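See below for the structure under consideration.
Every value quoted in this text rests on a predicted model; they were computed, and no experiment measured them.
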Amino acid sequence: MRVRAALQNKIAKSLFSIDRRNAKRRKAERVRRRQNLPHTVHYFHQAGDPYSHLMAQVLPQFQARYEIDLDVHITAPPPDWAAPDRARLDAYSRIDAARLARQAGWRFVDPGHQPDATRLAEANAALIAATESGDFLAQAQTIGDALWSGDMLPERTLSLQEIEQVLAKAAAARSRLGHYLGATLYYAGEWYWGPDRLHYLEERLRALGATKPGAPVEVVYPPPVVPSTPAPVTASVGLELHWYLSFRSPYTGIVAERVKALADAYHADLKLRFVLPMVMRGMQVPRMKGFYIMSDVVREAERLGVPFGNAVDPIGAPVERGYAILSEAIKRGRGYAFAQSFLSGVWRQGLDAGSDKGLKTITERAGLDWPEMRALIGGDHWRAEAEANRQEMFEFGVWGVPSFRIGDVTAWGQDRLWVIEAALKKTMTEEEHRA
């Protein structure tokens with residue numbers, strides 16, 4: 001292993017180990033007990049963020065179940081580096097939140113556009129007033145419903161300057177604690193984004209004995225299981241599941257087996273659409289974002305029973321070396337085998353894809369001839385395919401990985417496979433009706 005890769009591997013295993021995380025949790029709890037402090041959860045709410053509107057609906061249940069002090073902050077939108085294509089991000093967030101609302105039984109209907117600046121100011125003023133009076137949980141849902149539906153909002157009682165000062169102060173506090181998005185919860189050193197990750201905080205509080213008497217046994221929103229059971233028994237003719245992936249994406253690293261299982265369960269042809277990583281396309285991924293992503297992947301991998309963390313980041317040449325082989329492997333019907341071998345190698349097994357030794361292991365266990373594949377490294381034959389995949393991904397409304405597509409239904413994120421399964425079920429039902 002190269003020296004730099006060995007150092008990356010050592011740092012990754014240290015920073016993102018479950019043992020280290022649990023030790024930090026125990027230390028935080030000892031400090032809390034020693035100082036006789038409550039379980040304080042900070043929540044950052046952003047008007048105009050659909051996920052924040054969903055959070056406003058689940059937080060009353062959350063607070064009712066746990067002995068916590070909920071400290072609410074009305075915050076500004078994420079900085080430009082976290083939303084480089086803000087209009088596209090806003091549009092996809094509305095679509096995604098509407099899907100999530102239907103899945104979980106919450107309220108959000110995508111109006112097809114963001115609230116304008118005047119209405120955002122009115123909503124922020126109302127949210128700030130509710131927070132200062134201690135009525136946020138009682139009023140936030142109503143304010144959000146009015147904001148998104150176009151109904152009348154309370155007359156603004158704060159100046160634009162006063163509103164901006166409050167939002168900026170909250171955004172600065174969020175940044176100091178280590179995050180950049182709305183709809184986020186912070187508790188004792190860890191972040192939880194949106195209702196999808198609330199169950200992790202619930203499990204942590206339950207382990208600390210912070211559950212109120214009589215609280216329900218189940219969490220507010222348990223993550224869906226994919227593929228669901230029972231699996232279909234009939235094949236669907238010509239069904240394709242498109243998987244947009246990056247070898248540098250840790251979320252891609254923990255989804256390979258599940259997306260293959262989903263495709264197999266529905267007899268779909270899994271199409272691998274590899275793209276260059278964001279940072280190799282000129283997009284910023286600051287340390288704050290990278291740290292949250294890796295911490296979140298560790299939690300998701302642990303829950304799913306997927307090994308993760310013995311990693312060697314393949315950024316740069318290792319990704320290009322891998323894609324040079326992947327392009328040919330796809331043509332030979334060994335695309336998934338090579339992609340799974342590469343992803344598990346660099347994210348789970350500490351293999352250095354930038355070295356011939358590491359890539360040889362990855363290649364041969366995928367059933368490919370190493371000398372033949374090694375001759376492809378350094379060529380540009382794969383670049384046009386990667387760019388075409390990127391353009392196709394953008395045309396369907398997403399720009400990050402892992403993303404998935406069935407027909408014209410596209411979902412972004414390894415935790416959105418349930419969207420794709422629903423599309424698969426719908427397609428098969430339509431086929432049965434046509435038959």
Side-chain angles (χ1 to χ4, degrees), residues 39-64 66 68-79 82-83 86 89-90 93-94 96-98 100-101 104 106-108 110-111 114-117 119-149 151 153-154 156-158 160 162-187 190-198 200-202 220-221 292:
H39 296 283
T40 300
V41 177
H42 294 269
Y43 170 60
F44 293 84
H45 187 90
Q46 176 195 329
D49 168 34
Y51 301 110
S52 289
H53 186 51
L54 300 184
M55 287 295 291
Q57 296 172 53
V58 303
L59 285 176
Q61 300 175 59
F62 173 62
Q63 188 175 55
Y66 302 97
I68 61 169
D69 281 2
L70 187 64
D71 192 358
V72 177
H73 310 263
I74 310 303
T75 191
R86 199 175 295 273
L89 176 62
D90 288 341
S93 296
R94 294 193 308 270
D96 185 53
L100 184 55
W106 301 323
R107 299 191 311 275
F108 181 76
D110 178 11
Q114 289 294 110
D116 63 34
R119 291 183 58 77
L120 282 173
E122 292 170 344
N124 274 317
L127 288 165
I128 291 168
T131 301
E132 291 177 348
S133 67
D135 291 333
F136 174 83
L137 293 183
Q139 297 186 32
Q141 297 178 53
T142 302
I143 295 169
D145 285 339
L147 175 66
W148 286 106
S149 67
D151 290 346
L153 286 158
R156 179 162 56 86
T157 57
L158 297 174
L160 294 178
E162 288 171 326
I163 293 171
E164 289 301 319
Q165 287 174 347
V166 173
L167 301 186
K169 181 179 178 181
R174 179 180 61 186
S175 180
R176 284 196 302 272
L177 293 172
H179 218 288
Y180 45 94
L181 294 174
T184 43
L185 295 152
Y186 176 83
Y187 175 73
E190 289 182 39
W191 284 94
Y192 309 84
W193 177 37
D196 297 87
R197 300 300 190 264
L198 183 60
Y200 285 124
L201 179 52
E202 290 189 76
V220 172
Y221 177 65
Y292 174 73

State, with a plain yes or no, whether a side-chain heavy atom of [X] is found less than 4.5 Å away from one of [Y].
X	Y	answer
Glu202	Tyr192	no
Asp196	Tyr51	no
Met55	Tyr43	yes
Asp145	Asp151	no
Gln46	Pro78	yes
His73	Lys169	no

Could you tell me which non-hydrogen atom of [X] sits nearest to which non-hydrogen atom of [Y], and how far apart they are?
X	Y	value
Gln141	Pro60	NE2-CG, 3.6 Å
Leu153	Ala123	CD1-N, 4.1 Å
Leu54	Pro195	CB-CG, 4.2 Å
Ala83	Leu89	CB-CD2, 3.7 Å
Val72	Thr131	O-CG2, 3.5 Å
Ala121	Leu160	CB-CD2, 3.7 Å

Could you measure the distance from the [atom1] atom of [X] to the [atom2] atom of [Y]? Nearest 0.5 Å is fine.
X	Y	atom1	atom2	value
Leu158	Asn124	CG	CG	9.5 Å
Leu120	Arg156	CG	CZ	11.5 Å
Thr157	Ile163	OG1	CD1	8.0 Å
Gln63	Leu137	CD	CG	5.0 Å
Thr142	Leu147	OG1	CG	12.5 Å
Gln139	Leu127	CD	CG	9.0 Å

Determine the interplanar angle of the Phe136 and His45 rings, folded into 0 to 90°, and report it as parallel if under 30°, tilted if 30 to 60°, perpendicular if over 60°.
perpendicular
Any idea how Tyr292 and Tyr180 line up, ring-wise: parallel (<30°), tilted (30 to 60°), or perpendicular (>60°)?
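Plane angle over 60°, so perpendicular.
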Indicate yes or no for a side-chain donor-acceptor contact from [X] to the backbone of [Y] under 3.5 Å, with no hydrogens or angles considered.
X	Y	answer
Arg94	Pro50	no
Arg119	Ala146	yes
Trp106	Val58	no
Arg197	Trp191	no
Ser52	Ala183	yes

Kindly indicate, with the supporting measurements, whether the criterion side-chain contact (heavy atoms from CB on, under 4.5 Å) is fulfilled by Leu201 and Tyr66.
CA-CA 11 Å; Leu201 179 52; Tyr66 302 97; over 6 Å; no
Sequence neighbours left out, what passes ring pair (Phe, Tyr, Trp, His ring centres under 6.0 Å) with Phe108? Give chain and number order.
Trp148
Among Asp71, Ile74, Thr75, find the one that has a side-chain contact (heavy atoms from CB on, under 4.5 Å) with Phe44.
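That would be Thr75; it is the only one of Asp71, Ile74, Thr75 passing the side-chain contact (heavy atoms from CB on, under 4.5 Å) with Phe44.
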Pair Glu162, Ile128 - check side-chain contact (heavy atoms from CB on, under 4.5 Å), show working.
CA-CA 10 Å; Glu162 288 171 326; Ile128 291 168; over 6 Å; no
Could you name each residue pair satisfying salt bridge (charged side-chain N to carboxylate O under 4.0 Å, His left out) that touches residues 121-141, not counting sequence neighbours?
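Residue pairs with at least one partner in residues 121-141: there are none.
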